[in-house]
Amino acid sequence: MNVEQAVGGKRVLSAGLDPDAGDVLTPAFRARNHVLMPHHPGRINSFVGPGLNHCLVDFVGLEQEPVSFAVGFDHDENGFYRGLLDPTDEEWQAAMSAGWWQDPGTTADGSPI
């Protein structure tokens, strides 16, 4: 996705090829493999500097994890965000209905995770 496409609130998908637990800290999430997945859906939340080139994304089901609020994506010298995809409506719907985030489950005490 390039910088011209990147706007606040835009639907995006993770461009990662493998599950990534590196920035998911909740033990219950990690135990269930509720981590950032390939084509994980999210929405662009904000841009931070310098130069407002760092894009933060709220990934579905991971909104309270560092992957959403502390880790982001920088564009390269050509203005391309390598970590994000600009999905079609069909790709977005497929991503929203395909992952663990459809039924995140509960913790041992019955509270939602």
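Computed from a prediction, not measured in an experiment: that's the story for all the values here.
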query: If you look at every heavy atom in Asp23 and Pro66, which pair is closest and at what distance?
result: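 Nearest pair, atom of Asp23 first, then Pro66: O-CD, 3.4 Å.
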task: Provide the closest heavy-atom pair for Phe69 versus Glu63 in the form atom of the first, atom of the second, distance.
output: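 Heavy atoms only, the tightest pair is CD2-O, 4.2 Å.
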How many angstroms lie between [atom1] in [X] and [atom2] in [Y], if you round to the nearest 0.5 Å?
{"X": "Asn45", "Y": "Leu56", "atom1": "CG", "atom2": "CG", "answer": "6.5 Å"}
{"X": "Leu85", "Y": "Trp92", "atom1": "CG", "atom2": "CH2", "answer": "12.0 Å"}
{"X": "His75", "Y": "Glu77", "atom1": "NE2", "atom2": "CD", "answer": "10.0 Å"}
{"X": "Leu62", "Y": "Leu36", "atom1": "CG", "atom2": "CG", "answer": "6.5 Å"}
{"X": "Leu25", "Y": "Gln64", "atom1": "CG", "atom2": "CD", "answer": "12.0 Å"}

Any side-chain to backbone donor/acceptor pair from [X] onto [Y]? Under 3.5 Å, distance only.
{"X": "Ser14", "Y": "Gly16", "value": "yes"}
{"X": "Asn78", "Y": "Phe80", "value": "no"}
{"X": "Thr88", "Y": "Glu91", "value": "yes"}
{"X": "Gln93", "Y": "Glu90", "value": "no"}
{"X": "Ser68", "Y": "Phe59", "value": "yes"}
{"X": "Arg11", "Y": "Arg43", "value": "no"}

query: Do the two ring centres, one from Trp101 and one from His40, sit under 6.0 Å apart?
result: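 Between His40 and Trp101, which both carry aromatic rings, the centre distance is below 6.0 Å.
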message: Restricting to side chain to side chain contact (heavy atoms under 4.5 Å, CB included), what partner residues turn up for Ile44, sequence neighbours left out?
response: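 Only Met1, Ala6, Lys10, Val12, Phe47, Cys55, Val57 meet the side chain to side chain contact (heavy atoms under 4.5 Å, CB included) criterion with Ile44.
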field: Which residues share a side chain to side chain contact (heavy atoms under 4.5 Å, CB included) with Pro19, sequence neighbours left out
entry: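 If we apply the side chain to side chain contact (heavy atoms under 4.5 Å, CB included) test to Pro19, skipping adjacent residues, the hits are Val35, Met37, Pro38.
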- request: Test Val60 against Met96 for side chain to side chain contact (heavy atoms under 4.5 Å, CB included), laying out the working first.
  value: CA-CA 8 Å; Val60 176; Met96 286 297 292; 4.0 Å; yes
- prompt: Same hydrophobic cluster for Phe29 and Val71, using side-chain heavy-atom links shorter than 4.5 Å among ILVMFWY?
  reply: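 Looking at the clustering, Val71 is in a separate group from Phe29.
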message: Is any side-chain heavy atom of Val3 closer than 4.5 Å to one of Tyr81?
response: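 SC-SC contact between Tyr81 and Val3 confirmed.
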message: Between the side chains of Asp74 and Arg82, is the shortest nitrogen-to-carboxylate-oxygen separation below 4.0 Å, so that they form an ion pair?
response: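 So Arg82 does not pair with Asp74 through a salt bridge.
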